[in-house]
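Numbers restart at 1 for each chain; the letters A, B, ... are given by sequence-line order, proteins then strands.
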Amino acid sequence: MSEAPGTPGVTPPPGDPTESRIGVDSWVAQAEGRRARRRGPARLLARGWEWSPDPVKLLLFVGLASTLPFWLNEGDLFNFGLFTLLYVALALGLNVVVGFAGLLDLGYVAFFGIGAYTYALLSSSHYGIHWPAEATIPISMAVAALAGLILGSASRRLLGDYLAIVTLFFLQAFAAFTNTANPTVHGVGLTGGPNGIANLDPLTFFGYKLNSTKQQYFFLVIVVAVVAAALHFINQSRTGRAFRALREDPLAAEVMSIPVNRLKLLAFVLGAAIAGLCGTIFAASFTAVTAGSFGVPLLILLYAIIILGGLGSIAGVILGGFVINISSQFLAPQNDHPDVKRWLFYGTIVLIVALMKPWYRAVLVLAATIAFGYAVHAIVSATTVATWTTGAPVAAGSRSIRDGIQGWVVMPHATATGPHVNFNTCLYIGLVVAAVTVRSLSGWWRLAALVPTLYLTAMVWENILAQNPSVTALILFGAMLIALMTVRPQGLLGTARVEIV
Amino acid sequence: MAEPQPSPESTQTKPLLELEGVWKSFGGLVVIDNLDLAVNENEIVSVIGPNGAGKTTLFNLITGIYPPDSGAIRLDGESLVGLPPHKIARRGAARTFQTLRLFLNMTVIENVMASQYGQTKVGIARAMLRTPGMRREEREIRARAEEKLAFFGERLMGYRWDQPAYSLSYANRRRLEIARAMATEPRILLLDEPAAGMNPSETHEITELIGKLRDDGGYTILVIEHDMHVVEGISDRVVALDHGVKIAEGTFEAVATNPRVVEAYLGTSAAVTK
Ligand SMILES: Nc1ncnc2c1ncn2[C@@H]1O[C@H](COP(=O)(O)OP(=O)(O)OP(=O)(O)O)[C@@H](O)[C@H]1O
Ligand SMILES: [Mg+2]
C-alpha cells in the first residue's frame, strides 16, 4: 500500500509529513491559465467577459437588446427580435432541466404548448373568456407547472434513455391530443384540432394593451432579464449547488444529504413554469395557436441553442439563442438569400480543407480541384452534346460569378428527357463512393482522391442543392453546428467539463 | 463465530451505531452474513478483511444505498432501515467512497458547501429574491465549509478553494471527500480506505488526521483500512470480516494475531504486516 498509483512521480521522502505538494497541485490547476495566456491579445475579449461582474453582463444584454427596435423594421423585429427572445426564454427553462439538473427531457415543448393553449382558452372568443394577462400568465404558468409535476413524478425514477423516451412520448401524446382528439367541451372543440384557436387577445396588463411588435418585444426583454436573473440567483444558491451535484454524481449527492428525487421534480416544475410563461407570450404575439407549433422541430432548435451556448451557462444560452435563431431565420426558405448560401457553402469547404496540415497540402488540394474542374469541363464539352454543359446556376448574383461557375462545373441543361435524366442520382452515388474512397485511403492517395470528391460536392451543390432552398438551409445549419461544436465542444460560453481524470 | 472481546467502554455506554443480525446477498451470493456490530460514541473502530470480504457493502447498507435483506441497523437507538440515503445523512451518518466520487466539475469549496443541503432551509423563492435571510444562510454555509477545510491545514487552504475538484491531486481528493462528509455534520464518519493510494508520508498524515477528527472534531469513526500501520495507529477496536462473516473482534494485537484472520489473508495480495 505504500505505492501511490494516483499521484504523480513527485513524492516527498517518506517520514516527512510536513513536505507539501502545493507545487504540483497549483501547477496542474494553473494549466488552463497558462494555456489562455499563450493565445495572446486575441483573447482579450474573452478575458474581459470573464472578469466583468454578472450585473454588468445583464445590463449589456438589456442595453444591446433594447437597440434592436430602432434599426429593424416591424417584420424583421418580429422574426429576428421577438422570436429570438422567445426562444432564449424557452431555452433558459430547458437549461434548468437539461443543463442544471442533467435530465434528458424531450417533452419540454409540450409545456410550452400547454401554456399557449391555456392562454388561448382564457383570452379569446373561443369560449368568450377575455381575462387580462395579469390573471392568465400566473394561471398558464401554474397549469404548465402542474403538468410538469405530473410528468416528473411519473418519470423521475427513470434515468437517462428511459426518461428521454417517456418524455418524448408525452410530447407526442400532447400533439395527438391537441391535433386529433380535440374533445368537445361546451359544444366547441377544446383545442380547435388542426386549425387551432385564432383571434387571441393581445397581452393586456391592467387595461394596457401590448398591441405592437415593439411593445411585445420590450415586454420580452424584461421577461428574459427577470428569468435570467432569477435563474442566476437560483444557480448560486444551495438549490443550484444541489442541481450541479446531482448532475455530477446522483448517488454521491443523495448520500451527501441531497434529496435527489425531489430536486429532479423541482427542475421539471421550474422548467415547465418558464415554458408556460413563454407559451402565453407566444400565443398572444402570434394571435393564434396551432398544434403544429409544438413539435419536434422546435425541440431540436431549443436543444441546439442550449448545446451551442454551453449547457448550464445562462449567458451562453442567451448568446446561443441569438446565433441559432438569427442564422435559422436567415437560412429559412421564405427569407431566401441564395447567393449568401453559396458563399457559405464554398466558404465552409475551403475552411475545412484549410484545416489540413501542413498548409501547403491545403493549397495543393484547392488548386488541383480548380484545375480538375476546368479539365473535366473542357473534356465534357468537347466530347458530348451541348446540353451537358448549358445549365445555369441558380441565382448566382453577378454575371462574372455565373460565368465562372458555368465554365467550371458540369451542369446539364435541366430537361425532363435526354441522356442526363438520371444525372442527379448518379451524382449522389458518385459522391458517396468518392467520400468512402477518401476515408479508406491515406497519405498522398487520400489527397488525390479528395480532389474529385470536392469537385463532385460542388456539382451536387450546383445541380441539386442550390435548386432546393429548404434542404440547403437544413444542411448548412447542420454543417454550421458541426463546425462550431468541433471548435468549441463545450459550447460558446460553457465551461469544459472533465469527465474522467 | 469469533469469540467476542468487547472493549471496556462498550459494556458501559449505549452504542451510537448498532447492527444486529444483518444479512445481505446479491443474487444468491451472501455478502453480509448475520453481522452484529456496535460502535460507541467517540470510538474509532477499524474494519479489516481481504478483498471482497463485504466491507464496502457494510457501508452501503448503513448509508441506505441498499436495504439489508434482514436485520436491524440503528443509529442512536433509531432504525435506519428503509430510509433513503439523504435522510440517513440527516440522521448523522456520513461516508467517503473507496472509489472517489467527488463532484469533480465543482470547485473545492462548492463540494463542501453542497453537502450541507440537508441542514439548510432556504428555498428557491427566497433564493430568487436574495432575501437577507438567504444571504445570511449562504454566509453560514460558506463559513462552515471553510472551517471543515481548515481541518486539513495548508493542504486544502486558500487559493485551492475556488479550483475545480478535478485539479486536485489524488491525496487531496481523499481529503476533500472527508471534508465533504464532515460538512453534513454527522455523528459518525464512515471512511472507506482513506489511505488507499497515498504515499508513506501522506499515510502517516492521514493516521494523525483520523485521531484529530475524533479528539478535536468529536466524531465517532468507523474506518475500512487495508494498511495495517494505519489500523494499528488509530484503532480502539478492530473488526475482521471474511466472506461477510465477522471472524474476529477486539484490540489490534488480538485481531492481528488471531489465526483465523491470518488464514483469511493468506494467499491474498494484502498480507497482515505486523
Ligand atoms: N451491487 C452488487 N451487486 C452484486 N454483487 C456485489 C454488489 N456489491 C458488492 N458485490 C459483491 O459483494 C462482495 C463484497 O464486495 P465489497 O465491495 O463489499 O468488498 P470489500 O470488502 O469492500 O472489498 P475491497 O477490499 O476490494 O474493497 C464482492 O464479491 C462483490 O463482487
Ligand atoms: Mg471496498
Side-chain angles (χ1 to χ4, degrees), chain A residues 1-8 11-22 24-26 28-32 229-242 244-249 251-263 266 270 495-501, chain B residues 63-65 84-86 89-90 94-95 97 101-106 110-111 113-120 122-124 127-130 134 137-138 141 154-155 159-160 163-164 166-173 180-181 184 195-205 208 226-227 270:
Chain A
M1 279 277 100
S2 63
E3 258 310 305
T7 50
T11 46
D16 179 12
T18 57
E19 176 69 29
S20 127
R21 297 172 36 84
I22 285 176
V24 177
D25 266 9
S26 55
V28 171
Q30 286 158 8
E32 195 60 42
L231 291 181
H232 178 71
F233 286 150
I234 289 181
N235 208 11
Q236 287 191 326
S237 73
R238 83 193 242 277
T239 313
R241 278 191 299 272
R244 260 166 287 157
L246 95 87
R247 188 184 66 181
E248 289 291 312
D249 188 336
L251 180 79
E254 175 78 30
V255 170
M256 293 301 143
S257 81
I258 295 170
V260 166
N261 281 334
R262 186 139 35 100
L263 276 155
L266 179 66
L270 211 57
T495 36
R497 283 165 52 78
V498 177
E499 293 296 347
I500 305 157
V501 260
Chain B
T63 51
I65 291 174
H86 71 267
R90 284 295 296 125
R95 69 177 290 181
F97 293 90
R101 300 189 79 137
L102 287 170
F103 307 129
L104 284 179
N105 288 288
M106 294 167 71
E110 263 195 327
N111 267 274
M113 290 165 82
S115 66
Q116 296 179 37
Y117 189 91
Q119 338 138 33
T120 44
V122 167
I124 56 166
M128 281 193 272
L129 298 172
R130 278 195 103 67
M134 180 268 177
E137 191 184 85
E138 275 297 293
I141 292 174
E154 64 169 305
R155 297 297 197 180
Y159 73 98
R160 289 231 170 92
Q163 287 176 351
Y166 64 72
S167 72
L168 292 183
S169 68
Y170 191 76
N172 263 342
R173 289 185 199 184
R180 187 179 67 170
T184 66
M198 291 200 170
N199 68 36
S201 78
E202 288 162 347
T203 304
H204 179 79
E205 199 180 315
E208 288 187 341
H226 273 305
D227 188 319

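- Side-chain atoms of R95(B) never come within 3.5 Å of backbone atoms of V255(A) as a donor-acceptor pair (strictly under, hydrogens ignored).
- Contact annotation for E138(B): only side-chain heavy atoms (C-beta onward) come within less than 4.5 Å of a heavy atom of chain A.
- When all heavy atoms are compared, the tightest approach of L263(A) to Y117(B) is CD2-OH, 4.0 Å.
- Across A245(A) and A114(B), no two heavy atoms sit closer than the pair CB-CB, 4.4 Å.
- In terms of heavy-atom pairs under 4.5 Å with chain B, the best-connected choice from M256(A), R244(A), R238(A), R247(A) is R238(A).
- Taking both residues in full, the closest heavy atoms of M134(B) and S237(A) are given as CE-CB, 3.7 Å, listed atom of the first, atom of the second, then distance.
- Between E254(A) and P84(B) there is a side-chain heavy-atom pair separated by less than 4.5 Å.
- Heavy-atom distances place the side chain of L270(A), and not its backbone, under 4.5 Å from chain B.
- Summarising the geometry, atom NE2 belonging to H232(A) is positioned 7.0 Å from atom CZ belonging to R130(B); distances are rounded to the nearest 0.5 Å.
- For the atom pair CG (N111(B)) and CZ (R241(A)), the distance works out to 11.0 Å, reported to the nearest 0.5 Å.
- Nearest heavy atom pair, residue T239(A) against residue V122(B), reads OG1-O, 4.4 Å.
- Between M128(B) and A230(A), the shortest heavy-atom distance links the atoms SD-CB, 3.6 Å.
- Scanning all heavy atoms of the two residues, the minimum distance from F103(B) to A252(A) falls at CE2-CB, 3.9 Å.
- There is no contact between A229(A) and chain B, counting heavy-atom distances below 4.5 Å.
- Here the side chain of R101(B) pairs no donor or acceptor atom with the backbone of D249(A) at under 3.5 angstrom.
- Contact annotation for T120(B): both backbone and side-chain heavy atoms come within less than 4.5 Å of a heavy atom of chain A.
- Without hydrogens or angle criteria, E248(A) side chain to N105(B) main chain gives a donor-acceptor distance under 3.5 Å.
- For a residue to count as touching a neighbouring chain, one of its non-hydrogen atoms must lie under 4.5 Å from one of that chain's; by this rule L231(A) does not touch chain B.
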